[in-house]
Every structure is written in C-alpha cells, then in structure tokens.
Amino acid sequence: MSRHRKTAASLSVLGMGLGQVYNRQYMKGLLMLLLYFTGLYFIITVLPKALWGLVTLGDKADRLEKVGRVYVNVRGDHSIFLMVEGIIALLAALVLVYIYALNIRDAYRVGKLRDEGGTANGFGTTVKRITEERFPLLVLSIPLLLVVFFTAMPILFMVLLAFTNFSFPNYLPPAKLVDWTGFKSFVDMFNVKAWSGTFIGVTVWTLIWMVSATVTVFFGGFLVALLVQMKGIRFKGFWRTLFIIPYAIPQFISLLIMKNMFNGQFGPINQYLSYFGLGKLPWLTDPFWAKVTVIIVNIWIGFPITMLMIIGILSTISKDLYEAAEMDGASGYRQFRAITLPSIMYAFGPILVMSFAGNINNFNLIFLLTGGAPANADYKFAGSTDILITWLYNLTLTQGKYNYASVIGLFIFIVIASLSIWNIRRTKAFKEEGDFH
C-alpha cells in the first residue's frame, strides 16, 4: 500500500508542513507552516519588486521637480542597489524552493514509513536525531548559507555588472541610470584594438608570472630545506631561524625596502654592481628587468614558508625507508627520486595547486613593488608589470570602468576555477584521500 506516502506528499505540495501534520508530526508541521506563510509573504510582497528592479535597473533618474515656486531635486532609482537587492531576493527565493522540495521529500519518506507499519518520529526524537546523528549537517548548513549570500552573491553581481554600461562618470546612479548592454563590454574587450591588445599582453604576462612565481618559490624552498636537513649540517636551528626572517617581516615593509634596494639610481644593489665594474641595471624602469625583479623579490619573500613546510614533510618520512634503500645499494640520487620527491609532492601537491591560483591574485607584490610600472604606451590603463588583478584595480578605483573590470574579474574567476579543478583532479593526494572515521 502507498496511501500514506502519496497523501502526505500531495498535501506537502499544496502547503509546506501539511504533509507533516498528516503524518502526525504536529510541531514539525506547524513550524514548517509558519515558514511557508513567511515565504509566501516574501514571494508576494518583496520578490516582484526586487525582480522588477533587477530586470529594469530602475526607470527614473535624479530629476528636478517644481514644488510651489521652487524646484527641488528628487532622488531617482539607484540601479546598482536595485541589482543587489534583486540578486539577494532571487537567492532567498531559491533557498525557499530548496526547503520546499525537502519538505515534500520528508513527508513522502515518513508516509512510506507509515505504509510499512512504522511510526513517525515525535518532535523530541527529531530534534535529538538532528543534534546527534545529523549534527555535522546542521553545522555545515550555516556556513553553506553564508557561502550562498556572501560568496555566490558577489560573484553573480560581478557577472551581471559585465553586461551593463556601469562606469564613471557617464553612468553613475542615481544621477543617471545604468542600462543592460548585453555582450557589448565583452565585444569591446576582444575586438577593440586598445582593449584587446592590453588584455592579451596582460594575460600572457599574468600566466608567465603565475608559473614563474610558483615554480621558483617551490624549488627555492625545496632546495634550502634539503640543504638545511642534510647530514653533517651544524646549527640547523640557527639556519632555519635565519631563513625565516624574510617571512617574519611584514610584507608591506619588505616590499618597500626592496623597492628602494632595486632603485636604478641610488639603490644598494646597483651600487654593489658598480663596485665590481658592472653597469647599473634598470631594475624597475625597463619592462623586461622590472618583470625579472618582481620574480626575484617574490622568491625572497615566498621561499621561507615553503622551506618550513617541506622541512615538516621531510621529518615525517621514515628513516627505515632510506636505510632499506642503502642496503639495496641505492645511490643518494635514487633515494631522492624514489623516496624524498614522491613523499614531498604527495603532501605538498594540494598546496602547490593553490599557489598557482594565489599568484594570479598576488596583488600586494605587484602593487607595492612596481605599481604596474613602467608605463606602456600600447596598454589601456595598465603598465608593463600589471597582472590581471592589478589591471582590474586600475579599472575600478582609478578609472571607474566597472563594466570592463567585471569582464576581467569574470575571466580571472574562470581561469582560476578551471586550473584549480583540473590540477586537483590530477593531484594524487586528492585521488587517494581516505574516509574519516
């Protein structure tokens, strides 16, 4: 028989909580009914206006209206506020729909239990089950909601902004309304020479920077860790402390110091080069040498933390493996290749994957060290060392080109997400992770 399950599910479709009341879960049903009527009030009174604002972005800008004998300024619709409110309302509606679907599923499941001769759980039993058996899901539900409204919402806002003409000062609400322009910003970015040339140049350098910064820091930290951990090296604690100093100094201070050290005219590095009869190098004023400089400085700042992580990994490798390899006649290189390197890559692989994504967004180093300089006459609002994230910064806070900046932000998101997912799927540490018991 399937009388209870069908009836309970049908009642839950008609009204959230009715199926639970039918299944004699009265308190649970009343709470769901309260949520149902709250949701209905939201859908009837709030959602239509929010969706209207999201679709139209307003219909009245700031204007002067005559009141008596004088004209007063009447505030118009703020297109950006309407967009944000529309996105939040839409996400809230999706959450309500999800809860509504869970309500139908719950009513059907309890109805099926009654059809099979079972008894529906009371409210106290349900609460106990949630707080004990389903406690991990209960804990995860809160950060999941935060992810929806504080991660998904900004991403959706950025995506939608790319399809508008929002820019300063031409389209700045509420003085002027923002309009939907479709793919115009994308077309301009890839077809207009000034934009496309900058986009291609900055993207190529961003990818070069991402790979160079990640690989050099990893191998720099790897090499130093191996040297410090070698047999026969004395004062290991001193060397570890010495090499961690660049990381211990606040990055803001470190980068300002490095900016002065690499100064082409009075910087200490060029002074040292002149002592040895070498010519001074344009570290920060030549496009090629400026890019070399940011990579060198990134190594100096980044290798200490990699060194400490790898030292920690090396300390966990059993010495029995090396002793067994020596008994089998394996050379030091064979031991490194067969034991040390696989162990480090297995444990460090996920961190290395995230380092690629982190370096795409390494705003601080580029901004504080070079500020994107030297200038590039062929680029639009970008310098020779600007990466995508610093170009995005220039487009927003300096130039007010919010729609074009959103296109760049969307591109960065797609690149990082794609690289991260692809690398994670290929990383052995993720493939072989076990279940936690």
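All values derive from a computational prediction rather than experimental measurement.
- Residue Arg63 places its CZ atom among more than 12 non-hydrogen atoms of other residues, nucleotides or ligands, all under 6.0 Å distant.
- Phe222 and Phe218 have tilted rings, their planes meeting at an angle from 30° to 60° on a 0 to 90° scale.
- Contact record, Val178 with Pro173: CG2-CD, 3.8 Å, taken as the closest heavy-atom pair.
- For the pair Leu255/Leu365, a side-chain contact is recorded, criterion being any heavy-atom separation below 4.5 Å from C-beta on.
- In this structure, Ile317 and Ser343 approach most closely via the heavy-atom pair CD1-CB, 3.6 Å.
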Derivation of the side chain to side chain contact (heavy atoms under 4.5 Å, CB included) call for Val13 and Ile104 | CA-CA 6 Å; Val13 172; Ile104 298 172; 3.7 Å; yes

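- Separating the CG atom in Leu388 from the CZ atom in Phe199 is a distance of 6.5 Å, to the nearest 0.5 Å.
- Within 6.0 Å of the CZ atom in Phe413, the count of heavy atoms belonging to other residues, nucleotides or ligands does not exceed 12.
- Put simply, the side chain of Leu54 reaches to within 4.5 Å of the side chain of Met83, judged on heavy atoms.
- By the 4.5 Å heavy-atom criterion applied to side chains, Ile387 and Ile360 are not counted as neighbours.
- Using a 4.5 Å heavy-atom threshold, the side chains of Phe243 and Pro304 count as separate.
- Using a distance-only test at 3.5 Å, with no hydrogens or angles considered, a donor-acceptor pair links the side chain of Asn103 to the main chain of Gly17.
- For residues 266-313, the ring-ring contact (aromatic ring centres under 6.0 Å, His included) pairs, not counting sequence neighbours, are Phe262-Trp283, Trp283-Trp289.
- Proximity of a side-chain donor or acceptor of Asn394 to a complementary backbone N or O of Ala382 within less than 3.5 Å is not detected.
- More than 12 non-hydrogen atoms from other residues, nucleotides or ligands lie less than 6.0 angstrom from CZ of Phe336.
- Judged by distance alone, with hydrogens and angles left aside, the side-chain atoms of Thr306 form no donor-acceptor pair with the main-chain N or O of Gly221 at under 3.5 Å.
- Note that the CD1 atom of Ile389 and the CG atom of Asn359 stand 12.5 Å from one another [nearest 0.5 Å].
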Check step by step if side chain to side chain contact (heavy atoms under 4.5 Å, CB included) holds for Leu352 and Met345.
-> CA-CA 9 Å; Leu352 197 60; Met345 293 306 299; 4.0 Å; yes

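- Between Phe42 and Leu96 the shortest heavy-atom distance is CD2-CD1, 3.8 Å.
- Ile99 places a side-chain heavy atom less than 4.5 Å from the side chain of Met16.
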Kindly indicate, with the supporting measurements, whether the criterion side chain to side chain donor-acceptor pair (under 3.5 Å) is fulfilled by Tyr247 and Ser254.
-> CA-CA 9 Å; Tyr247 184 76; Ser254 297; over 6 Å; no

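- Within a 6.0 Å sphere centred on NZ of Lys280, other residues, nucleotides and ligands contribute more than 12 heavy atoms.
- For the atom pair Asp378 CG and Thr198 OG1, the distance stands at 8.0 Å (nearest 0.5 Å).
- When atom types are taken as modelled, the side chain of Gln335 and the backbone of Ala330 share a donor-acceptor pair closer than 3.5 angstrom.
- Between the side chains of Thr181 and Asn165, not a single donor N or O lies within less than 3.5 Å of an accepting N or O.
- Within 6.0 Å of NZ in Lys236 there are more than 12 heavy atoms belonging to other residues, nucleotides or ligands.
- Between Ile412 and Ile408 the shortest side-chain heavy-atom distance falls below 4.5 Å.
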Could you please spell out the steps behind the side chain to side chain contact (heavy atoms under 4.5 Å, CB included) verdict for Leu226 and Ile310?
-> CA-CA 8 Å; Leu226 290 177; Ile310 293 177; 5.7 Å; no

For the pair Ile155 and Thr151, evaluate side chain to side chain contact (heavy atoms under 4.5 Å, CB included) and give the outcome as yes or no after the intermediate values.
-> CA-CA 6 Å; Ile155 292 174; Thr151 300; 4.1 Å; yes

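- Judged purely by distance below 3.5 Å, without hydrogens or angles, the side chains of Tyr379 and Ser384 never pair a donor atom with an acceptor atom.
- When all heavy atoms of Val407 and Ser185 are compared, the closest pair comes out as CG2-CB, 3.8 Å.
- A donor-acceptor pair under 3.5 Å links the side-chain atoms of Ser418 to the main chain of Ile414, judged by distance alone.
- Closest approach of Ala373 and Ala290 over heavy atoms only: O-CB, 4.3 Å.
- Inter-residue side-chain proximity for Ile80 and Leu161 is flagged as met; some heavy-atom pair is nearer than 4.5 Å.
- For the pair Trp205 (side chain) and Thr385 (backbone), a donor-acceptor distance under 3.5 Å is present.
- Between Phe367 and Phe363, the ring planes are parallel. Angles under 30° get that label, and only those over 60° would be called perpendicular.
- The structure places CG of Leu51 at 6.0 Å from CG of Leu90, a figure rounded to the nearest 0.5 Å.
- Of all heavy-atom pairs spanning Gln265 and Gln271, the tightest one is O-NE2, 3.6 Å.
- In this structure, OG on Ser12 lies 11.5 Å from CG on Leu102, to the nearest 0.5 angstrom.
- Not one N or O on the side chain of Asp77 forms a donor-acceptor pair closer than 3.5 Å with the backbone of Ser79.
- No side-chain donor-acceptor contact under 3.5 Å links Thr203 to the backbone of Ile200.
- In this structure, Arg334 places its CZ atom where only 12 or fewer heavy-atom neighbours from other residues, nucleotides or ligands lie under 6.0 Å away.
- Atom CH2 of Trp239 has 12 or fewer neighbouring heavy atoms from other residues, nucleotides or ligands inside a 6.0 Å radius.
- You'll find the side chain of Ile233 stays beyond 4.5 Å of the side chain of Val228, heavy atoms only.
- Put simply, the residue from Asn362, Ile366, Thr370 that forms a side chain to side chain contact (heavy atoms under 4.5 Å, CB included) with Thr390 is Ile366.
- The distance from atom CG of Leu35 to atom CG of Leu40, rounded to the nearest 0.5 Å, is 10.0 Å.
- No donor-acceptor pair closer than 3.5 Å links the side chain of Asn298 to the backbone N or O of Val294.
- Of the residues listed (Tyr404, Phe157, Tyr402), the one engaging Phe166 in a ring pair (Phe, Tyr, Trp, His ring centres under 6.0 Å) is Tyr402, and it is the only one.
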